[in-house]
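Numbering of ligands and ligand atoms starts at 1, following listing order.
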Amino acid sequence: MKSIFIYYSLSGNGDLVASSLSDKGIDIRPVRLKKPMPKAFFLQIMKGGFLAGTGNRAKLDGFDPDVSGYDRVVIGSPIWNGRIVPAINTVLDTVDLAGKEVVFILTSGGGSAPKAEERLKSSFPGARIIMLKQPKNNEDELSKLDF
Ligand SMILES: Cc1cc2nc3c(=O)[nH]c(=O)nc-3n(C[C@H](O)[C@H](O)[C@H](O)COP(=O)(O)O)c2cc1C
């Protein structure tokens with residue numbers, strides 16, 4: 001089964017997931033913002049928390065939405081303010097997931113995100129959701145990536 005991991009990462013947890021999935025033979029496609037997030041954590045929380053909370057769609061820098069060559073599409077998002085991030089909202093608007101096996105990998109500080117999970121379950125019934133608690137600090141969490 002040919003798989004791709006499409007993900008956004010601000011502080012490296014998603015990158016760690018990407019490198020683990022790459023070792024398992026999964027193609028990797030990082031998503032970058034046209035307008036980068038601020039460097040200061042406080043400003044990240046203010047801006048990211050607000051935009052995620054309002055369901056914002058971010059403008060992406062050169063994103064290729066074509067997944068026609070893949071059977072399985074794995075989508076990675078951090079949790080901001082209980083939700084998936086604006087960059088991944090845009091990915092979900094643009095990528096045609098019809099007929100694909102879909103898996104979400106969510107990373108968060110607390111290890112749970114009921115609002116994000118509910119939204120994804122209702123928009124993508126049948127998709128699997130894997131929740132990881134800060135894998136940069138807890139590498140054991142990567143064992144949940146049982147692909
Ligand atoms: C703007 C912002 C909002 C966040 N909101 C939450 C949250 O609501 N719940 C939570 O558990 N973690 C929250 N976090 C922590 C991130 O979800 C966590 O650090 C995640 O693993 C980051 O992934 P990354 O390193 O790939 O960017 C937030 C982080 C940021 C920057």
Side-chain angles (χ1 to χ4, degrees), residues 2-67 70 72-95 97 100-147:
K2 198 151 190 264
S3 305
I4 185 166
F5 181 50
I6 299 174
Y7 77 104
Y8 172 80
S9 178
L10 178 62
S11 60
N13 288 278
D15 296 317
L16 192 62
V17 171
S19 104
S20 171
L21 295 181
S22 173
D23 290 346
K24 295 171 191 277
I26 294 177
D27 288 351
I28 305 299
R29 192 179 292 170
V31 171
R32 297 204 171 77
L33 299 176
K34 230 177 200 144
K35 195 170 172 210
M37 284 286 286
K39 294 255 181 284
F41 183 64
F42 171 73
L43 295 177
Q44 290 176 357
I45 293 289
M46 295 298 289
K47 182 176 177 179
F50 173 75
L51 292 176
T54 53
N56 180 267
R57 270 70 180 150
K59 290 204 172 93
L60 305 183
D61 185 14
F63 176 65
D64 170 12
D66 182 15
V67 293
Y70 296 93
R72 175 164 56 193
V73 180
V74 185
I75 296 176
S77 176
I79 295 298
W80 288 357
N81 194 6
R83 280 82 164 187
I84 61 168
V85 299
I88 297 302
N89 286 329
T90 307
V91 167
L92 294 177
D93 286 349
T94 351
V95 173
L97 294 171
K100 309 288 178 194
E101 181 183 330
V102 179
V103 181
F104 290 99
I105 300 177
L106 308 178
T107 65
S108 74
S112 78
K115 277 187 194 143
E117 291 199 40
E118 268 165 42
R119 187 221 149 175
L120 294 174
K121 275 183 194 153
S122 76
S123 304
F124 303 93
R128 188 172 162 212
I129 301 174
I130 301 174
M131 190 81 222
L132 303 183
K133 183 173 174 176
Q134 217 65 329
K136 259 170 70 175
N137 302 341
N138 315 289
E139 287 215 16
D140 287 358
E141 288 287 285
L142 296 173
S143 64
K144 293 184 185 166
L145 305 176
D146 54 350
F147 293 94

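Listed by number with element, the atoms of ligand 1 under 4.0 Å from a non-hydrogen atom of Gly82 are 7 (C), 8 (O). Heavy-atom contacts of Ser11 reach the following atoms of ligand 1: 22 (C), 24 (P), 25 (O), 27 (O) (cutoff under 4.0 Å). Those atoms of ligand 1 with a heavy atom of Pro78 less than 4.0 angstrom away are 22 (C), 23 (O), 27 (O).
Nearest protein neighbour of atom 21 (O) of ligand 1, counting heavy atoms only, is Gln134 OE1, 2.6 Å. In this structure, the protein non-hydrogen atom closest to atom 3 (C) of ligand 1 is Trp80 CA, 3.5 Å. Considering only non-hydrogen protein atoms, atom 23 (O) of ligand 1 sits nearest to Thr107 OG1, 3.2 Å. Counting protein heavy atoms only, atom 11 (O) of ligand 1 is closest to Gly110 N, 2.8 Å. The protein non-hydrogen atom at the shortest distance from atom 26 (O) of ligand 1 is Ser9 OG, 2.6 Å. The protein non-hydrogen atom at the shortest distance from atom 12 (N) of ligand 1 is Gly109 N, 3.1 Å. What sits closest to atom 5 (N) of ligand 1 on the protein, heavy atoms only, is Asn81 N, 2.9 Å. Among all non-hydrogen protein atoms, the one lying nearest atom 1 (C) of ligand 1 is Gln44 O, 3.2 Å.
For Lys121 and Glu118, the salt-bridge test fails: no basic side-chain N is under 4.0 Å from an acidic carboxylate O. A salt bridge does not link Arg29 to Asp66: none of the charged side-chain nitrogens sits closer than 4.0 Å to a carboxylate oxygen.
When each of Leu106, Thr107, Asn13 is tested with Leu132 by the rule side-chain contact (heavy atoms from CB on, under 4.5 Å), just one qualifies, namely Thr107.
Residue Pro135 has no N or O atom closer than 3.5 Å to an N or O atom of ligand 1. The N/O atoms of Gly14, backbone and side chain alike, include one that comes under 3.5 Å of an N/O atom in ligand 1.
Side chains of Asn89 and Arg119: a donor-acceptor N/O pair is present below 3.5 angstrom, by distance only.
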Could you check Lys24 against Asp146 for salt bridge (Lys or Arg N to Asp or Glu O under 4.0 Å), going step by step and ending with a plain yes or no? CA-CA 10 Å; Lys24 295 171 191 277; Asp146 54 350; over 6 Å; no
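The nearest pair of heavy atoms linking Ala52 to Pro86 is N-CG, 4.0 Å.
Both the sub-6.0 Å distance and the 45° axial angle are satisfied by Lys2 relative to the ring of Tyr70.
Nearest to atom 9 (N) of ligand 1 by heavy atom, out of Ile45, Val85, Ile79, is Ile79.
Counting non-hydrogen atoms of other residues, nucleotides and ligands closer than 6.0 Å to CZ of Phe50 gives a total of 12 or fewer.
Proximity of Ser3 to Phe147: side-chain heavy atoms (C-beta onward) are nowhere separated by under 4.5 Å.
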